[in-house]
Amino acid sequence: MKIDVDALTALTIKLVDAGGENPGGTEAATVQVLVEQAVNLGLEVSTREVAPGRPNVFITLPGGTAPGLLFLGHSDVVPAGDGWDHDPFDARVEGDRLYGRGSTDMKGGLAAALTAMGLLRDAGELLAGPVTLVCTVDEEEHGAGIRDLVANGLEHEYAACVVAEPTDLETVIACRGDSYLEIEVAGRAAHSGRPGDGRNAINAAVRICNLITADQEKLTLHTDPLLGHGTWNVGMISGGRGTSMVAPDARLSLDRRLMPGEDTTVIREQLLEEISAAGIDTDGIEVTARTTMEMPGFRTDPDHPLVAAMLRSTEAAGVSSPVTGWTASCDGGFIARDLGIPALVFGPGGLNDQAHQSNESVSVVELVAAVRIFVLLARDLLGGEAS
């Protein structure tokens with residue numbers, strides 16, 4: 001197959017330059033680039049607004065009536081931050097690297113998937129099922145886009161999903177999930193000269209932190225070869241009204257990384273039970289907890305046809321692609337859990353050395369390889385003829 005490297009690079013640059021920093025709700029410009037390119041490629045396009053000015057976009061190459069192949073991505077990027085050698089939203093190519101915020105996470109993956117769909121259309125072959133790229137908003141914050149997607153469902157059936165996040169072209173078959181828990185501790189204020197007259201919420205919060213530390217030690221005893229184990233992190237703690245007062249309130253912001261199949265509701269209730277068992281929420285101390293974000297993990301069997309097809313495709317493209325797992329999280333968990341579609345993560349760029357960092361970049365060679373692999377995968381799964 002002949003891949004127009006200049007066109008692929010130009011599309012990636014347009015997507016990077018469109019920005020989409022989140023927080024901020026500014027994904028619309030990225031969506032517009034995708035829509036215009038999809039129309040130019042002769043693909044079917046629709047959008048659905050999740051919030052004002054924040055649309056999910058659906059781009060489809062029609063096929064037969066069999067279940068199709070779903071590509072999944074997101075249009076937002078993390079804030080650019082400081083430390084850049086050039087404007088993070090004025091993408092440029094230097095040698096093999098294309099620099100700009102979102103180049104790796106994940107404008108490069110979006111460009112590769114869309115370019116592959118254009119090549120499949122140009123080839124004029126009828127695949128057994130549709131190929132669809134869904135690009136959601138708000139992945140980097142609260143997941144409003146993917147929640148809207150699974151709540152409303154998809155127009156077609158899909159046999160497989162590829163999340164085009166950066167994996168260095170490795171085949172990721174399992175991901176941890178993530179959840180945020182907010183703990184509120186209420187005590188009673190008193191003068192610091194008579195602390196016994198009050199109930200110190202900060203002291204209670206420290207005891208909760210000790211429980212979390214103990215639970216983390218238990219989690220390390222059950223290590224998965226691909227994903228490691230679940231983790232706790234106390235990300236923020238605040239409370240109190242003044243140095244000379246017994247603290248009447250305290251707040252903990254917790255990050256709990258989830259193994260596939262773990263339920264944050266169960267974890268939250270277990271923590272509250274442990275708090276009660278330790279006698280922390282007695283004698284004037286009240287503790288409440290709520291989950292503010294949950295992103296489920298997932299695991300696909302290494303013998304699943306999707307994994308086998310991906311490995312055949314990478315081998316045919318001359319790319320070595322070990323099967324591995326991600327300790328990070330992505331929207332693929334929603335697709336697997338809520339829609340029952342087997343998923344894996346595969347895309348150009350590096351998660352650990354590029355994503356969310358200053359001077360973020362993606363390899364042009366990897367972009368081209370990803371396009372080739374996505375075309376081969378669609379043909380393998382949906383019965384098209386290779387060229």
Side-chain angles (χ1 to χ4, degrees), residues 22-23 78-79 138-144 147 175-224 227-297 327-329 333-334 337 356:
N22 194 15
V78 296
D138 195 38
E139 191 268 355
E140 298 288 4
E141 277 289 300
H142 300 293
R147 295 174 199 282
C175 286
R176 291 196 307 179
D178 193 10
S179 62
Y180 295 164
L181 283 76
E182 298 291 329
I183 307 292
E184 298 277 349
V185 184
R188 185 168 69 243
H191 193 284
S192 60
R194 292 173 59 89
D197 292 345
R199 297 294 180 266
N200 196 306
I202 290 179
N203 288 347
V206 169
R207 294 179 66 189
I208 293 172
C209 289
N210 290 337
L211 287 179
I212 290 169
T213 299
D215 191 60
Q216 179 63 66
E217 293 175 356
K218 294 177 184 177
L219 292 174
T220 61
L221 300 177
H222 306 282
T223 299
D224 181 272
L227 299 177
H229 49 74
T231 57
W232 284 102
N233 179 64
V234 181
M236 293 189 293
I237 183 169
S238 62
R241 305 293 174 83
T243 305
S244 63
M245 290 178 61
V246 173
D249 51 56
R251 290 160 295 282
L252 298 171
S253 294
L254 311 176
D255 180 300
R256 175 58 158 82
R257 299 286 160 154
L258 306 170
M259 298 297 285
E262 283 194 305
D263 185 333
T264 186
T265 300
V266 173
I267 292 169
R268 184 186 67 232
E269 295 306 311
Q270 287 177 342
L271 177 59
L272 288 173
E273 288 174 5
E274 291 177 7
I275 289 169
S276 293
I280 296 173
D281 61 347
T282 58
D283 193 26
I285 294 289
E286 296 182 0
V287 179
T288 58
R290 62 191 180 97
T291 301
T292 59
M293 189 280 290
E294 179 188 15
M295 181 179 287
T327 56
S329 54
F334 288 97
R337 183 192 68 180
H356 298 196

Residues 263-275 side chain polar contacts: donor-acceptor under 3.5 Å, at least two apart:
from, atom 1, to, atom 2, distance (Å)
Asp263, OD1, Thr265, N, 2.8
Thr264, OG1, Ser179, OG, 3.4
Arg268, NH1, Thr291, OG1, 2.8

Please table the atom pairs, donor to acceptor, closer than 3.5 Å between any side-chain atom in residues 180-187 and protein atoms at least two apart or in another chain.
from, atom 1, to, atom 2, distance (Å)
Glu182, OE1, Ser253, OG, 2.8
Glu182, OE2, Ser253, OG, 3.1

query = If every non-hydrogen atom of Gly240 is compared with every non-hydrogen atom of Pro248, which pair is closest and at what distance?
reply = CA-CD, 4.4 Å

query = So among Leu258, Thr231, Asp255, which one has a side-chain contact (heavy atoms from CB on, under 4.5 Å) with Asp178?
reply = Asp255

inquiry  = Which heavy atom of Ser329 sits nearest to which heavy atom of Met295, and what is that distance?
reply    = OG-SD, 3.4 Å

request  = Return yes when atom CE of Met293 has more than 12 non-hydrogen atoms of other residues, nucleotides or ligands closer than 6.0 Å, and no otherwise.
outcome  = yes

inquiry  = Testing the basics here: between Pro260 and Cys175, what is the closest heavy-atom pair and its distance to 0.1 Å?
reply    = CG-O, 3.7 Å

task = Name all residues meeting the side chain to side chain contact (heavy atoms under 4.5 Å, CB included) criterion together with His142; count only those two or more places apart in sequence or in a different chain, and write none if there are none.
result = Asp138

query = Which pair of heavy atoms, one from Pro195 and one from Val246, lies closest together, and at what distance?
reply = CA-CG2, 3.6 Å

key: Closest non-hydrogen atom pair, Ser276 against Asp281   = OG-OD2, 2.8 Å

ask   = Just one of His229, Met259, Arg176 clears the side-chain contact (heavy atoms from CB on, under 4.5 Å) bar with Asp224, so which one?
value = Met259

inquiry  = Under the salt bridge (charged side-chain N to carboxylate O under 4.0 Å, His left out) definition, can you give me all pairs with a residue in residues 228-248, not counting sequence neighbours?
reply    = Arg241-Asp249

query = Is the closest side-chain heavy-atom distance between Asn233 and Leu254 below 4.5 Å?
reply = no

note = The residue among Arg257, Arg337, Arg147 that forms salt bridge (charged side-chain N to carboxylate O under 4.0 Å, His left out) with Glu294 is Arg337

query = Between Leu219 and Trp232, is a side-chain contact (heavy atoms from CB on, under 4.5 Å) present by the stated rule, with each step listed?
reply = CA-CA 9 Å; Leu219 292 174; Trp232 284 102; 3.9 Å; yes

query = Which pairs, with at least one residue in residues 187-204 and sequence neighbours excluded, count as a side-chain hydrogen bond (donor to acceptor under 3.5 Å, both in side chains)?
reply = Arg194-Asp197, Arg199-Asp283

remark   = Rounded to the nearest 0.5 angstrom, the CD1-CD1 distance for Ile208 and Ile285 is 9.0 Å

message = Filter on salt bridge (charged side-chain N to carboxylate O under 4.0 Å, His left out), then keep only pairs touching residues 200-220, sequence neighbours left out; what's left?
response = none

